[in-house]
There are 2 protein chains.
Amino acid sequence: MEDKFDPLLLENQLCFPLYAVSKALVRQYEPLLSELNLTYTQYIVMLAMWEKKTLSVNDIGAMVHLDSGTLSPLLQKLEEKGFLDKTRGQDGRKRLISLTEEGANLKEKAKDIPLKIGNCLHLTPDEAKCLYSLCYKTLGWLE
Amino acid sequence: MEDKFDPLLLENQLCFPLYAVSKALVRQYEPLLSELNLTYTQYIVMLAMWEKKTLSVNDIGAMVHLDSGTLSPLLQKLEEKGFLDKTRGQDGRKRLISLTEEGANLKEKAKDIPLKIGNCLHLTPDEAKCLYSLCYKTLGWLE
DNA sequence: CTTAAATAAATTGCATACAATATAACAGTA
DNA sequence: TACTGTTATATTGTATGCAATTTATTTAAG
């Protein structure tokens, strides 16, 4: 007489461990990022900016999967911290976001963060690649 | 002359796709859960309650990885919705959370949700198992 | 019994997330 | 050109997350 499989047990969820590990990992970043005066969300926006130098709000949103409701106040804060500038482009609707010199210099201070985070994951390179691929594969179906 | 590997490119992050897929997946739940008058976080608390029937706030927190700062107002809302009851145990510091009849009945209405979510993931059973295991393995190292 | 230390929840303050709405500016058309 | 529809961003409202603090209660020591 085996128990019937209950799809509503917490341990039978797939989303829940994703949700839990995502939050736990973000918490690992916070002490490292606070030294740069950044939160995790601000950090991924800075990653996008270090990569592209100048972007519209929508461009950033497409890269980091956030909408203007989240980005508007967040970009405001990064501007107040002196890391970003906002200007108007030819198209007056767009706000062009660009790095200040201070914002660009911050990349140097961030360079050790990925390794430090990687070290606390305890995944083999293959496991990390597998996790990475499965996340992107799933993400591809959800948008 | 190959480009040097830049660990600060968005595409070289492991946390970022986890963070993005977690949010995207939670968004998939929202339209299904709104029919039950639940948010995703409220749903995982209800999963814990359906499983254990009675729990303290800390017990729930340990199961779903949330602290009292998040749970206190959330449990308040679930109580107002009529899904949960709060009582005092022998230990007057603890609040014992239990299911109301309405809360218990809600499980029947939720029973198809896991399958619906599973269908939109487009992962093979092996891939799902792999993703599940890697999340729990990582989670184990982060707390 | 009294009081200091520990524990359980709740509260506060700040920073997301995101749906829905509003606003501003551009683009196409009669 | 005046009007309409579209696009880009900002604003509003609700619900988390979580660190830090506070409050209530219990436990342990003296």
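All heavy atoms count here, side chains included; hydrogens, waters and symmetry mates do not. Within every chain, numbering begins at 1; the chains are lettered A, B, ... in the order of the sequence lines, protein sequences first and strands thereafter.
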(message) Reading DNA chain D from 5' to 3', where do the contacts with chain B start and stop? Cut-off is 4.0 Å to heavy atoms.
(response) D:dA15 to D:dT26
(message) Quick check for you: to the nearest 0.5 Å, what is the distance between B:Leu121 atom CG and A:Thr138 atom OG1?
(response) 6.0 Å
(message) Between B:Leu66 and B:Tyr136, is there shared hydrophobic-cluster membership here, with clusters defined by ILVMFWY side-chain heavy atoms closer than 4.5 Å?
(response) yes
(request) Drop me the distance from B:Leu14's CG to A:Glu127's CD, to the nearest 0.5 angstrom. (result) 11.0 Å
(request) Output every pair passing ring-ring contact (aromatic ring centres under 6.0 Å, His included) with a member in residues 73-120 of chain B, not counting sequence neighbours, ordered by first then second residue. (result) none
(message) Need to verify one output field. Residue with the more 5' nearest nucleotide on DNA chain C, A:Arg88 or A:His65?
(response) A:His65
(request) Any pair with a residue in residues 86-109 of chain B that passes ring-ring contact (aromatic ring centres under 6.0 Å, His included), sequence neighbours left out, goes on the list, sorted by first then second residue, please. (result) none
(message) I'd like to check the side-chain contact (heavy atoms from CB on, under 4.5 Å) partners of B:Asp91; sequence neighbours left out, ordered by chain and number.
(response) B:Arg93, B:Lys94
(message) Just verifying a value: how many Å separate B:Met63 CE and B:Leu47 CG, rounded to the nearest 0.5 Å?
(response) 8.5 Å
(message) For the CG atom of A:Asp85 and the OG1 atom of A:Thr87, what is their distance to the nearest 0.5 Å?
(response) 7.5 Å
Would you mind writing out the side-chain donor-acceptor pairs for residues 110-117 of chain B within the sub-3.5 Å range, not counting sequence neighbours?
none

(message) Taking NZ in A:Lys52 as the centre, count heavy atoms belonging to other residues, nucleotides or ligands within less than 6.0 Å. Is the count above 12?
(response) no
(request) Name every residue in residues 67-87 of chain B that has at least one heavy atom under 4.0 Å from any atom of DNA chain C, in order of residue number, or write none if there are no such residues. (result) B:Ser68, B:Gly69, B:Ser72, B:Lys86
(request) Name the first nucleotide and the last nucleotide along DNA chain C (5' to 3') that come under 4.0 Å of a heavy atom in chain A. (result) C:dA15 to C:dC26
(request) Measure the spacing between CD1 of A:Ile60 and CG of A:Leu84 and express it to the nearest 0.5 Å. (result) 7.0 Å
(request) Please list, by residue number, the residues of residues 52-59 of chain B whose heavy atoms come closer than 4.0 Å to an atom of DNA chain D; answer none if no residue qualifies. (result) none
Distance-only criterion, 3.5 Å: show the donor-acceptor pairs between side-chain atoms of residues 15-35 of chain B and protein atoms not counting sequence neighbours.
{"from": "B:Lys23", "atom 1": "NZ", "to": "A:His65", "atom 2": "O", "distance (Å)": "3.1"}
{"from": "B:Ser34", "atom 1": "OG", "to": "B:Pro31", "atom 2": "O", "distance (Å)": "3.0"}

(request) Enumerate the residues from residues 16-49 of chain B whose closest heavy atom to DNA chain D is under 4.0 Å, giving them by residue number; use none for an empty result. (result) B:Thr39, B:Thr41, B:Gln42
(message) Show me the pairs that pass ring-ring contact (aromatic ring centres under 6.0 Å, His included) and involve residues 102-126 of chain B, at least two apart or across chains.
(response) A:Trp141-B:His122
Identify each donor-acceptor pair in which a side-chain atom of residues 69-81 of chain A lies under 3.5 Å from a protein atom, sequence neighbours left out, and give them as a table.
{"from": "A:Ser72", "atom 1": "OG", "to": "A:Ser68", "atom 2": "O", "distance (Å)": "3.1"}
{"from": "A:Gln76", "atom 1": "NE2", "to": "A:Glu80", "atom 2": "OE2", "distance (Å)": "3.0"}
{"from": "A:Lys81", "atom 1": "NZ", "to": "A:Asn37", "atom 2": "O", "distance (Å)": "2.9"}
{"from": "A:Lys81", "atom 1": "NZ", "to": "A:Gln42", "atom 2": "OE1", "distance (Å)": "2.8"}

(message) Is it the case that atom NZ in B:Lys86 sees more than 12 heavy atoms from other parts of the structure closer than 6.0 Å?
(response) yes
